[in-house]
Amino acid sequence: MKIGLLGNQNSGKTTLFNCLTKMNAKIGNWPGVTIEKKVGIIAGTKHEIVDLPGIYSLSPYSVEEEVSRNFVFEEKPDVIINIVDATAIERSLYLTTQLLELDTKVIIALNMADILEKKGLKIDISKLENELGTKIVQISALKETGIDELIKELDKLDKKECINIYDSNIETAIWDIEKHLDKELNHKRFICVKLLEQDERFKLLKTPVINNIIKETKKKYDTDLEEIIAEQRYNYISRTKEKCVYQKEMKETISDKLDKILLNKFIAFPIFVVIMFCIYYLSVGVIGSYTVDIIGILIEFIGENVNNLLISINTAEWVNSLVVDGVIEGVGAVLSFVPQLIILFICISLLETTGYMSRIALLLDRLFRKIGLSGKSLIPFIVGSGCSVPGIMGSRIIENEDERKMTVILTPFIPCSAKLPIIALFAGYFFPNSSGLVSASLYFFAIIVIILSALIMKKFVFKNVSSTYISELPEYKIPSAKYVAKDVWDKVIAFIKRAGTTILLCSVVIWFLLSFSFSLEYGVDIENSMLAQIGNKISWVFYPMIGEKSWGATVSAIQGLVAKEQVVSSMAVINGLAEDVEEGSQIFSKTGVFGFFTASAAYAFMVFNLFSAPCFGAIGAMRRELGGKRKMLKAIAFQTILAWILATIVYQVGIKIENNVLSISTILITGIIAIALIGIIVSKIKDKNSECSNCPYNKDCSKIK
């Protein structure tokens with residue numbers, strides 16, 4: 001039996017899927033789109049269940065809705081489980097009423113019914129079943145209650161009853177159209193409604209007779225039939241809610257009390273800043289740096305023992321170097337940061353599952369709308385903190401095309417898990433007493449750059465932005481340890497797989513280019529290697545931002561195009577071959593290739609790698625979402641040039657502070673004045689370009705009659 005799992009976003013759909021399948025699932029993408037596809041087998045049965053994207057209707061207004069509707073029509077599931085959030089039943093039932101118009105059996109899983117009492121609500125399940133004409137099972141996906149009853153209902157042959165949602169005019173039109181459709185056609189009632197709504201997908205089914213029925217029905221109303229049908233659907237939902245849902249005397253919930261603090265207009269943003277600082281302090285600061293030291297010692301121990309083993313069995317010198325300096329040093333340098341990533345992923349997952357991230361989207365929406373984005377853009381940014389690729393793909397939830405493209409270009413600016421090793425390495429070495437603060441500063445630096453970049457793009461590139469964001473804040477929840485563990489596990493395994501494949505391959509390539517000259521002579525001085533000669537040709541590009549023509553830093557930064565964590569891996573391999581293996585772990589040793597780095601150069605190098613073009617995987621996702629190679633190249637050029645400018649400014653200002661040429665107070669005062677001047681100039685430009693500048697009344701609105 002094939003089962004489709006459908007429901008709104010934040011309704012507990014993924015939690016129910018994991019509960020039913022016991023994590024026995026395959027993950028991929030739907031054909032032709034970048035939307036995630038999850039397929040699994042319900043534990044203890046042979047039933048296949050497909051977790052469809054979270055949607056609010058079956059109207060084709062987004063890719064997710066198109067995917068879900070195609071599944072229903074093309075893959076013909078035997079049963080649809082419609083998960084409904086019991087605490088937001090009015091919102092959830094819009095999709096339900098559309099599903100009930102299909103020929104497919106529908107079972108409603110009424111989720112979160114256990115917290116209705118806290119909200120002062122009570123639902124009469126029997127009445128609701130009669131109104132909707134289908135079976136309803138109360139469940140709690142989080143607590144795993146009602147699951148057995150839901151599984152038992154799958155095998156029953158109960159058929160749902162037809163419900164009358166519309167007035168007599170619409171119902172008559174549906175009846176008349178249905179008589180003129182092919183008898184073998186499935187989901188006739190649903191198709192009839194869509195024909196009345198002028199849905200383009202079904203335009204080939206139109207005949208002159210059907211067109212005439214639609215035309216005659218439309219004459220009976222003052223507006224479009226699509227609007228009439230939606231209005232009557234909402235009216236039906238409201239009537240159903242009035243009959244079946246009872247509101248008790250409402251007490252202030254814990255969520256209400258927390259929101260008074262966390263969404264307070266004066267302290268909400270400072271709280272957000274403190275929370276993000278704590279996350280980076282934990283993951284990169286004291287705890288994170290301690291774990292890196294432990295893993296580093298372990299990798300060094302493995303390298304020494306493997307080296308001794310290879311020497312004892314008389315392997316060739318180049319094989320020994322390849323294994324120890326190329327593979328162990330390269331891959332080990334990246335894997336040593338896995339504990340820090342685990343801490344970061346746990347913190348982010350806790351914020352998401354508790355419901356706090358939804359509040360952050362609401363909090364930043366007012367600011368984002370002023371720069372051409374909306375709270376929806378925050379979702380790709382949050383996902384991008386794990387990996388830019390799904391973050392970029394997540395931009396598809398944004399309806400406005402220009403806003404979506406802006407989000408695609410700006411998402412790679414968020415520090416992702418691949419950039420964390422770079423930040424942790426440099427912050428831990430050059431700022432040992434404030435590594436958490438430095439790491440958090442880069443996160444907020446990214447937010448500032450995103451805001452300024454969005455303003456620039458809104459002004460000069462994407463002018464057709466119309467930002468709106470509507471969201472119902474979920475109740476605060478205690479995180480599910482199982483869900484958090486699975487979420488973190490999936491992300492960490494994905495990172496390790498990349499280290500074991502992409503990073504391993506790149507480390508071997510770097511080792512080869514470092515160990516051989518262009519005449520393929522092994523064991524040459526590192527300054528005469530192929531990599532050094534290539535790097536020296538382009539090292540001048542990095543001179544303004546690090547104060548040195550360093551071929552090692554240059555090629556390491558370029559390696560970031562393959563994978564950002566490869567920057568650290570490349571530096572480890574280069575330094576390992578430049579010195580004795582025992583000293584190779586000290587990347588910034590004064591006798592090494594990277595000994596020239598100062599605190600200013602280190603921060604500037606982090607800034608460049610944070611904002612420059614992302615890895616090849618993210619670049620490929622950008623190409624798909626932006627709609628072409630040319631637009632992708634323009635985006636990459638913008639990102640890289642901006643990164644170079646920012647890194648150069650950071651280094652040049654930083655080195656002057658180090659040399660006591662400039663003071664921090666001077667920079668702050670100058671910066672405030674510069675921002676004020678820019679604001680004045682921008683406001684003047686807006687006034688000049690406004691519609692009022694050409695007004696025949698010379699801006700005197702009192703003359704308008």
Side-chain angles (χ1 to χ4, degrees), residues 5 9-10 12-29 34-43 49-51 53-54 141-144 147 279-280 282-284 287-288 290-292 294-295 298-299 331-357 379-380 382-394 414-421 424 477-504 563-565 615 617-618:
L5 180 58
Q9 297 172 13
N10 298 317
K13 185 167 58 64
T14 300
T15 306
L16 176 59
F17 177 81
N18 293 335
C19 180
L20 288 170
T21 60
K22 306 299 181 186
M23 301 185 185
N24 179 27
K26 298 180 294 181
I27 299 176
N29 282 343
T34 52
I35 302 298
E36 191 178 77
K37 176 181 184 178
K38 292 181 182 177
V39 181
I41 302 297
I42 295 178
I49 185 167
V50 181
D51 183 16
L142 187 63
K143 296 181 179 179
E144 299 189 7
I147 304 301
I279 287 175
Y280 277 92
L282 285 172
S283 57
V284 181
I287 298 177
Y290 180 71
T291 59
V292 170
I294 295 175
I295 302 297
L298 177 62
I299 291 171
V331 176
V334 175
L335 291 181
S336 62
F337 296 99
V338 167
Q340 289 183 311
L341 287 175
I342 292 174
I343 297 171
L344 177 65
F345 290 152
I346 289 173
C347 292
I348 296 295
S349 186
L350 287 174
L351 292 185
E352 290 176 345
T353 52
T354 55
Y356 182 67
M357 279 302 183
I379 298 170
I382 293 169
V383 175
S385 64
C387 177
S388 293
V389 177
I392 291 168
M393 294 189 301
I414 292 293
C416 66
S417 60
K419 295 171 185 173
L420 186 67
K477 303 185 187 77
I478 297 174
S480 165
K482 186 185 293 185
Y483 177 83
V484 171
K486 183 180 184 303
D487 184 47
V488 173
W489 173 262
D490 290 342
K491 290 176 180 176
V492 171
I493 289 299
F495 182 86
I496 293 174
K497 283 181 179 178
R498 186 160 55 176
T501 53
T502 304
I503 306 302
L504 174 60
K564 285 296 179 183
E565 57 266 61
C615 64

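For the single chain, residues carry numbers from 1 onward in sequence order.
I346 pairs by the side-chain contact (heavy atoms from CB on, under 4.5 Å) definition with I342, L350, V488, not counting sequence neighbours. Applying the side chain to side chain donor-acceptor pair (under 3.5 Å) test to S349 and every residue at least two apart in sequence or in another chain returns D487. Residues satisfying the side chain to side chain donor-acceptor pair (under 3.5 Å) criterion with K419, sequence neighbours excluded, are absent altogether.
Residue I478 holds its CD1 atom at 8.0 Å from NZ of K143, rounded to the nearest 0.5 Å. Put simply, CD1 on I147 and CD1 on I42 are 10.0 Å apart, with the number rounded to the nearest 0.5 Å.
Paired with L5 under the rule side-chain contact (heavy atoms from CB on, under 4.5 Å), one option of T21, V50, D51 passes, and it is D51.
For the pair A141 and T15, the tightest heavy-atom approach, listed with the atom from each and the gap, is O-CG2, 3.6 Å. A pairwise comparison of heavy atoms in V484 and P479 identifies CG2-CB, 4.2 Å as the closest pair. Residues C19 and E144 share a closest heavy-atom pair of SG-CG, 3.4 Å.
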